[in-house]
Amino acid sequence: MFWYHSTTKHSYNSVRTNPNRISWEDQPSTYKNYPDSYEKRKLDLDKAEDNFLYHIAGLTAKKSYPSGEYYLRINPSAGALYPNELYFQARGVEGIDDGVYHYEVSSSSLTLLQAITQEDGLEPYLGYRTAMKGYLFLVSAVYYRSSWKYKNRALRYCLLDGGHLLGSIEASALLKPNAVQMVYNIDREKLNRMFGFEGREWMLSGCSMAVPMQEQEVVPIEFSLPYVDGSRTFEPNPLIEQAYNETIQLEACKREMKAPKFTYNSTKLKETIFTRRSQRGFEEGAITKGQFNYIMEAIHQPILSDCDEDVSVYMVLNRVLDMPLGLYKEGEYIKHGDFARKAGYLSLEQYSLSMQGAVAFFLTSKAKNYQALYQKAGIIGHRLYVASLYLGIGCSGIGAYYDDEVNDFVENDEMVLYALAIGK
């Protein structure tokens, strides 16, 4: 997959010689709505399970501009393009009939796509032999929502945003509380056919918030849904399609069996999840060493997963009280200096973020399972959002950076996956 990553790198020259021209008349919709012939139920936020689902991907606020209305969501997305859709199977969940559902963001509703029985379900497509009581989630990408703006680089954003959606499930599950296991080794090709995606939408991953029902084996459910448009407009991108298809199969995966441990007050966490916003700039405010250590502990907790790939976290400390300026890796001090301006330059010259923020982050990896490692970076990014905002510290994801120059700065040759900044 290095060919795709290399092809989509940014450089100082590339962003100036290849300006990104957007066709506004082709702007895709960010919502997928199934026809009213499907059974739908609006979420009742007074019910615990509905409230949990809403805090994964619900709408939180509306902004009005001359060009139209803009809705904010609980989960962040590059360019607010929201390429990901959320599906899930519920089995034995109070107040929700057993079945396969789509979460309809625009109306905060659940759309029943397929009923299940005691004998069949989605479990085998996620690697389970027995019935699982609880939720099995599936995250997809309607890739043109992102490629409309970001062109060939869009698969990166689809995967990062998919990771953020998995991270949003993990964060909402803490309100219950329940452990969430990421499942990357899913039968993507079969699921894409069953859900009727026709090459315009793709399954990326799943996650399980369920427990096995002993001695209740299930067979894989078979259904064939008709295609439902998720973007209104569409233009195929052969490079992105090739990259997705070449990364469907996972190899030599290692499991992470250790569960994370977080120290959040559930009431405050719920407020944090609902009021999450991406900071558009910082004012050079400092954070404390205690706050920094709290955030580091949160983002370095293990991620339960069937394909846990190594992701390196580099940090440029600009304004952390009682800590020396410089470059750190996994919390270890590796290079002395004031690199604030350098961090701002590397982040595609977004100086108000990486330079004026307290800490800039760069995530890299040399792992092979591209879809899994990129979504893990998104999960780490989401944990950074949640932990920072919980402490009253702003956070912003930065999907654009000068790839090779970041490598030169951190002195590695790994793929650069994500940049983020936190501060006040």
Are the aromatic ring centres of F223 and F195 under 6.0 angstrom apart?
yes
If you measure only the distance, is there a donor-acceptor pair under 3.5 Å linking the side chains of T364 and N412?
yes
May I ask you to check whether Y244 and Q371 show a side-chain donor-acceptor distance below 3.5 Å?
no
Kindly say whether the aromatic ring centers of Y38 and H102 come within a distance under 6.0 Å.
no
Any donor-acceptor N or O pair under 3.5 Å, side chains S106, N33:
yes
I'd like to know if the side chain of S172 reaches the main chain of F52, judged simply by a donor and an acceptor atom lying under 3.5 Å from each other, with no hydrogens or angles considered.
yes
Sequence neighbours excluded and cut-off under 3.5 Å, please list the side-chain donor-acceptor pairs for residues 136-146, or say none.
from : atom 1 : to   : atom 2 : distance (Å)
S140 : OG     : E201 : OE2    : 2.6
Y143 : OH     : N237 : N      : 3.0
Y143 : OH     : E241 : OE2    : 2.7
R145 : NE     : S29  : O      : 3.2
R145 : NE     : G230 : O      : 2.9
R145 : NH1    : T30  : O      : 3.4
R145 : NH1    : Y82  : O      : 2.8
R145 : NH1    : E85  : OE2    : 2.9
R145 : NH2    : E85  : OE2    : 2.7
R145 : NH2    : G230 : O      : 2.7

Donor-acceptor contact present, side-chain D403 to main-chain H10, <3.5 Å
yes
Under the salt bridge (Lys or Arg N to Asp or Glu O under 4.0 Å) definition, can you give me all pairs with a residue in residues 219-232, not counting sequence neighbours?
K190-E222
Does the pair K40/E104 count as a salt bridge with the N-to-O cut at 4.0 Å?
yes
Residue pair N178, Y135: steps toward the side-chain hydrogen bond (donor to acceptor under 3.5 Å, both in side chains) verdict:
CA-CA 11 Å; N178 286 86; Y135 295 99; over 6 Å; no
Will you find, in the side chains of R156 and T8, an N or O donor that is under 3.5 Å from an N or O acceptor?
yes
Ring-plane angle category for F88 and Y101, please: parallel below 30°, perpendicular beyond 60°, tilted otherwise.
parallel
Parallel, tilted or perpendicular: ring planes of H5 versus Y374, cut at 30 and 60 degrees
tilted
Examine the side chains of T233 and D26 and answer whether a donor and an acceptor come within less than 3.5 Å of each other.
no
Name all residues meeting the salt bridge (Lys or Arg N to Asp or Glu O under 4.0 Å) criterion together with D97; count only those two or more places apart in sequence or in a different chain, and write none if there are none.
none
Can you classify the ring geometry of Y264 versus Y294 as parallel (below 30°), tilted (30 to 60°) or perpendicular (above 60°)?
perpendicular
Between N318 (side chain only) and S354 (backbone N and O only), is there a donor and an acceptor less than 3.5 Å apart?
yes
Backbone N or O of H300 within a donor-acceptor pair of the R383 side chain at under 3.5 Å?
no
In terms of heavy-atom contacts, I422 and I295 come closest through CD1-CD1, 3.9 Å
